[in-house]
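The structure appears below as structure tokens.
A note on names: the letters A, B, ... follow the listed sequences, proteins ahead of strands, and every chain is numbered from 1. What's counted below: heavy atoms across the whole structure, side chains too, no hydrogens, waters or symmetry copies.
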2 protein chains.
Amino acid sequence: MRSGKSMKAEAVEAEALLPAPNAGSGRANSSRIVGTSVHASVANEIGQRIVRGDYPPGAILPNEAKWAETFEVSRSAVREAIKMLMAKSLLSSRPKVGSWVEPRERWNLLDRDVLTWYATSPNRETFLKSVQEFRHIIEPEATALAALRRTDEQMAEISAACREMGAATSLPQRTQADTRFHLAILRASGNELLVPLGTLIESALAHLFVFVTREADDLRHAQGLHEAIEKAIRLHRPEAARNAVRKLLANTDEVIARV
Amino acid sequence: MRSGKSMKAEAVEAEALLPAPNAGSGRANSSRIVGTSVHASVANEIGQRIVRGDYPPGAILPNEAKWAETFEVSRSAVREAIKMLMAKSLLSSRPKVGSWVEPRERWNLLDRDVLTWYATSPNRETFLKSVQEFRHIIEPEATALAALRRTDEQMAEISAACREMGAATSLPQRTQADTRFHLAILRASGNELLVPLGTLIESALAHLFVFVTREADDLRHAQGLHEAIEKAIRLHRPEAARNAVRKLLANTDEVIARV
DNA sequence: TCATATGATTTGTAGGACAATTGTTGACTC
DNA sequence: GAGTCAACAATTGTCCTACAAATCATATGA
């Protein structure tokens, strides 16, 4: 309706940015998430499609005008969305050629959004495995570092989160405290590169753990493992901390294997 | 010159996107890197300033019109640049408020560009230390995984890179082979999250190692350490691989300490 | 004192125009 | 027939203007 030039008789076939089209025959663009901007929605939609594999690496994407038409937004909005995906190295572009999907290796996999898209894509089981294995590499060492270098303030935060976990009455509440616990440890590790990594891991797991329902018995056991980690850090025992984390991860592996 | 509205008598004071202003009094925008787009240059410039600390977290940035004026580019270009920085979580924006710098913890530190900006910022020594420590966490385990899971093709690539390193006659050539070697190992680890991480580490180190000049004796020693790693992977010895990598990292630590 | 309107500022979106780049095609020459 | 070069066309890049939407600040009134 707003594209002035190519308003031919052909069916427009605009895709909604969200699966909830408005019933009325009114304005077509009102079907996007309220509170999010158009360019963000478009970036989300295109990014998800790329990660999902709709456009394999090397493939040329539809041009900007085409995207504008399919989403019924302006070319400016499309361009801003594409720039966001460029910033994540999901695609590049050149005049006359168009935009193409970059090879997987150049993707910024360690990015919140890309990770989220990945976590909802078909091959999320292998992804979950990668994340969990990644934790085995990172977390024992990070926790050992935390045991060596934590300040008293950082320790207080870790302990508080641990206590909060034990006192949690609902699952989301517990998950939140759990996340806080692990992030506090990474912060205490004193390596600024570990913090963003932890954020990513936690966010990925949050996406993937919604399915896992734990039993009360299981929760009690996990709580004990967490407390062992807290204690090791508190007593400045790096080796004990490392081992405690390994036990916790082994427990998580088991839980995952059961699903 | 192209801003039609606010061409008052006041000094415009446009900042060049690059420190090489053209001597002539001609067009002002010709001072950017040839071959790079305007929005990319602007994103680079603003991103660098943020990471450098010109605008601390929480600070409100100049508004889009102001950036357009200072760089003598259109508001559209500025917006695209800002969208790229948004995609890296360096800033957010809301109407009427403006754009503000996000807290450091939300920055996408594990991003090529952000890392590059970081590597050129004042506090790069601490950054180098973090990266190197990060390697100590990642690489031994990744290499052990590679020793377990490598395919023959991956092994061939690793061996080729190792040989190439030994045969290199110039320093850049050697560095390139070195990078190829480490990346091949990460690819062979079979964890898709490790590859982008390795790319980042290597790119960060490339920025930081330009200063380090190594002596012939030193190089021979380092080559031996690399070959030990190659051998351990070839023979499927994860524990030996881990230890060999630790030795190499210790050697690198020494080199860094000497600077 | 509190709620409410209104006003101003900034980003968000749209749409049109042209420039720059470069792949493609076709003509021309050797 | 092969190769070279020029013209063309398609696509992104850049700029511009206008308005919409959001929201903070201020003033106004109950």
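Separating the NZ atom of B:Lys83 from the P atom of D:dG13 is a distance of 16 Å, rounded to the nearest angstrom. To the nearest angstrom, C1' of D:dT11 lies 11 Å from CD1 of A:Ile60. We find that CH2 of B:Trp67 is positioned 16 Å from C1' of C:dT11, with the value rounded to whole Å. Summarising the geometry, the separation between CG on A:Asn63 and P on D:dA10 is reported as 11 Å, rounded to the nearest angstrom. At whole-Å resolution of the value, CZ in A:Phe71 and C1' in C:dG15 are 19 Å apart. If you take CD of B:Glu80 and C1' of C:dG12, they are 14 Å apart, rounded to a whole angstrom. Put simply, CD on A:Glu64 is 11 Å from C1' on D:dT14, counting in whole angstrom units. For A:Trp100 and C:dT22, the CH2 to C1' distance is 11 Å, given to the nearest whole Å.
With A:Leu85 as the fixed residue, the side-chain contact (heavy atoms from CB on, under 4.5 Å) test singles out one of A:Ile46, A:Val42, A:Val114: A:Ile46.
Nearest nucleotide to the A:Val73 side chain, out of C:dA14, C:dG23, D:dG13: C:dA14. When the nucleotides D:dC15, D:dC24, C:dG12 are ranked by their closest atom to the side chain of B:Val38, D:dC15 comes out on top. Minimum atom distance to the side chain of A:Lys96 is reached by D:dA9, of the listed D:dA9, D:dT12, C:dT11.
A:Glu45 approaches A:Phe71 most closely through the heavy-atom pair CG-CZ, 3.5 Å. Heavy-atom minimum distance, A:Ser93 versus A:Ser99: CB-OG, 3.3 Å. For A:Phe127 against A:Ala204, the heavy-atom pair with the smallest separation is CE2-CB, 4.3 Å. A pairwise comparison of heavy atoms in B:Ala81 and B:Ala43 identifies CB-N, 3.5 Å as the closest pair.
At C:dA14, one or more side-chain N or O atoms of A:Ser74 fall inside 4.0 Å of OP1 or OP2 (strictly under the cut-off). Within the structure, a side-chain polar atom (N or O) of A:Arg79 is placed less than 4.0 Å from OP1 or OP2 of D:dG13.
In this structure a side-chain-to-backbone donor-acceptor pair under 3.5 Å is present from A:Trp107 to A:Glu102. In this structure, B:Asn63 contributes its side chain and B:Gly98 its backbone to no donor-acceptor pair below 3.5 Å.
For B:Gln48 and B:Tyr118, the side-chain atoms include no donor-acceptor pair closer than 3.5 Å. Side-chain polar atoms of A:Arg112 and A:Ser203 form no donor-acceptor pair below 3.5 angstrom.
Applying the side-chain hydrogen bond (donor to acceptor under 3.5 Å, both in side chains) criterion to A:Glu125, with sequence neighbours excluded, gives no partner residue.
Looking at residues 86-95 of chain B, you'll see B:Ser93, B:Arg94, B:Pro95 sit with a heavy atom under 4.0 Å from some atom of DNA chain C.
When the nearest nucleotides of DNA chain D are assigned to B:Arg75 and A:Pro62 by heavy-atom distance, the more 5′-ward of the two goes with A:Pro62. Comparing A:Ser76 and B:Ile82 against DNA chain C, the residue whose closest nucleotide sits nearer the 5' end is B:Ile82.
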Polar atom pairs (N or O), protein with nucleotides 25-27 of chain C, under 3.5 Å:
none

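Contacts of A:Lys66 with the nucleic acid, taken as non-hydrogen atoms under 4.0 Å apart, are absent.
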